[in-house]
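Everything below concerns the one structure shown next.
We name chains A, B, ... by the order of the sequence lines, and we start the count at 1 in each one.
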Number of protein chains: 2
Amino acid sequence: MKRGLSEACYKFFSNMSNPTRLAVLEKLMEKPMSVNELADALKQEQSMVSHNLKQLLECNFITQQRRGKQRIYSANQETIGALLKILDNHAQKYCPTGGKCHLRGD
Amino acid sequence: MKRGLSEACYKFFSNMSNPTRLAVLEKLMEKPMSVNELADALKQEQSMVSHNLKQLLECNFITQQRRGKQRIYSANQETIGALLKILDNHAQKYCPTGGKCHLRGD
DNA sequence: ATTACATATGAGATATTATTCATATATAAA
DNA sequence: TTTATATATGAATAATATCTCATATGTAAT
């Protein structure tokens, strides 16, 4: 089902709704990293990390810059930071521990 | 791949990353509605709307209240409103028309 | 120009998620 | 207490997204 604003939002949120990409973003919020650094840190295959970086890049959740042979990726602090803030606020207010909501890592 | 904060965020974002649920939220941001009103408005099957309402409810993106035989659903204006604001800001700044990003409904 | 290293990418296999259909439950009215 | 209406739910199917593997590309050093 695709239409209107919903369709417009869909790419945004679906890009965020993947554990690998979220883990990548989490790392990149700390500091910029290369593909292999990310792959090592997350214990994931380089190709998988690359695939997911590409998607994050398409929505400009991250940016890229070259350093020698490497590509250094950085998080879009503005957007990602704001999202995490909302998520945190929502979880605190609306997702008490023990409920059906698994937001808080239970 | 599931872990830490990433896992905590995952349910939040994956719940939002579905065209039907986004369409439902869009409608509910305008005004509270019953299941059949939503189904009519979105031209979707009642059972499908119900399934998706259930998921939105699990993350408290919406609330429920009974009115006779009906169940009236309302959006969590605080969280959903904040998310849409960020999305809008992000799209304006980082997703110029014509790029690879399809956020703005192109 | 050959080699090594870092990253990207395509395509198939797999996993996840959504949708549909049939049916159950719950409320209220007759 | 039967019937009608509103909604929920389980299970099978369909659609979509992810991951893996093989390999390509791009950069720099020798």
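- Between B:Y10 and C:dT16, a side-chain N or O to OP1/OP2 separation shorter than 4.0 Å is absent.
- Between A:Y94 and B:F61, the distance from one ring center to the other does not fall under 6.0 angstrom.
- Computed from coordinates, the B:Q65 CD to C:dT27 P distance equals 15 Å when rounded to whole Å.
- If you take CG of A:N15 and C1' of D:dT16, they are 15 Å apart, rounded to a whole angstrom.
- Rounded to an integer number of Å, the gap from CD of B:E58 to C1' of D:dA8 is 13 Å.
- Regarding B:Q44, its CD atom lies at a distance of 7 Å from the P atom of C:dT19, rounded to whole Å.
- Across the protein-nucleic acid pair, B:M33 atom CE and D:dA6 atom C1' stand 15 Å apart, rounded to whole Å.
- Residues that satisfy the side chain to side chain contact (heavy atoms under 4.5 Å, CB included) test with A:T63, not counting sequence neighbours, are A:S74.
- Taking atom CG of residue B:L56 and atom P of nucleotide D:dA8, one finds them 12 Å apart after rounding to whole Å.
- Computed from coordinates, the B:R67 CZ to C:dA26 C1' distance equals 17 Å when rounded to whole Å.
- By the side chain to side chain contact (heavy atoms under 4.5 Å, CB included) test, B:S47 pairs with B:E45, sequence neighbours left out.
- The end-to-end axis angle of the helix from C:dA1-D:dT30 to C:dA30-D:dT1, rounded to 10 degrees and based on five pairs per end, is 20°.
- Applying the side chain to side chain contact (heavy atoms under 4.5 Å, CB included) test to A:N89 and every residue at least two apart in sequence or in another chain returns A:K93, B:E78.
- Distance CD/A:Q46 to OG/A:S34: 10.0 Å, rounded to 0.5 Å.
- Side-chain atoms of A:S17 and B:S17 include a donor-acceptor pair closer than 3.5 Å.
- Here the CG atom belonging to A:D88 is positioned 11.0 Å from the SG atom belonging to A:C95, to the nearest 0.5 angstrom.
- B:R66 meets the side chain to side chain contact (heavy atoms under 4.5 Å, CB included) test with B:R71; sequence neighbours excluded.
- Distance CG (B:L42) to C1' (C:dT19): 15 Å, rounded to an integer number of Å.
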Nucleotide-resolved protein contact map, nucleotides 5-15 of chain C, B/S/- at heavy-atom distance under 4.0 Å: BSBBBBB----
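- At least one side-chain nitrogen or oxygen of A:R21 sits closer than 4.0 Å to the OP1 or OP2 atom of D:dT18.
- The phosphate of D:dA17 has neither OP1 nor OP2 within less than 4.0 Å of any side-chain N or O from A:N52.
- The pair B:K11-B:E58 meets the salt-bridge criterion, since a charged nitrogen lies less than 4.0 angstrom from a carboxylate oxygen.
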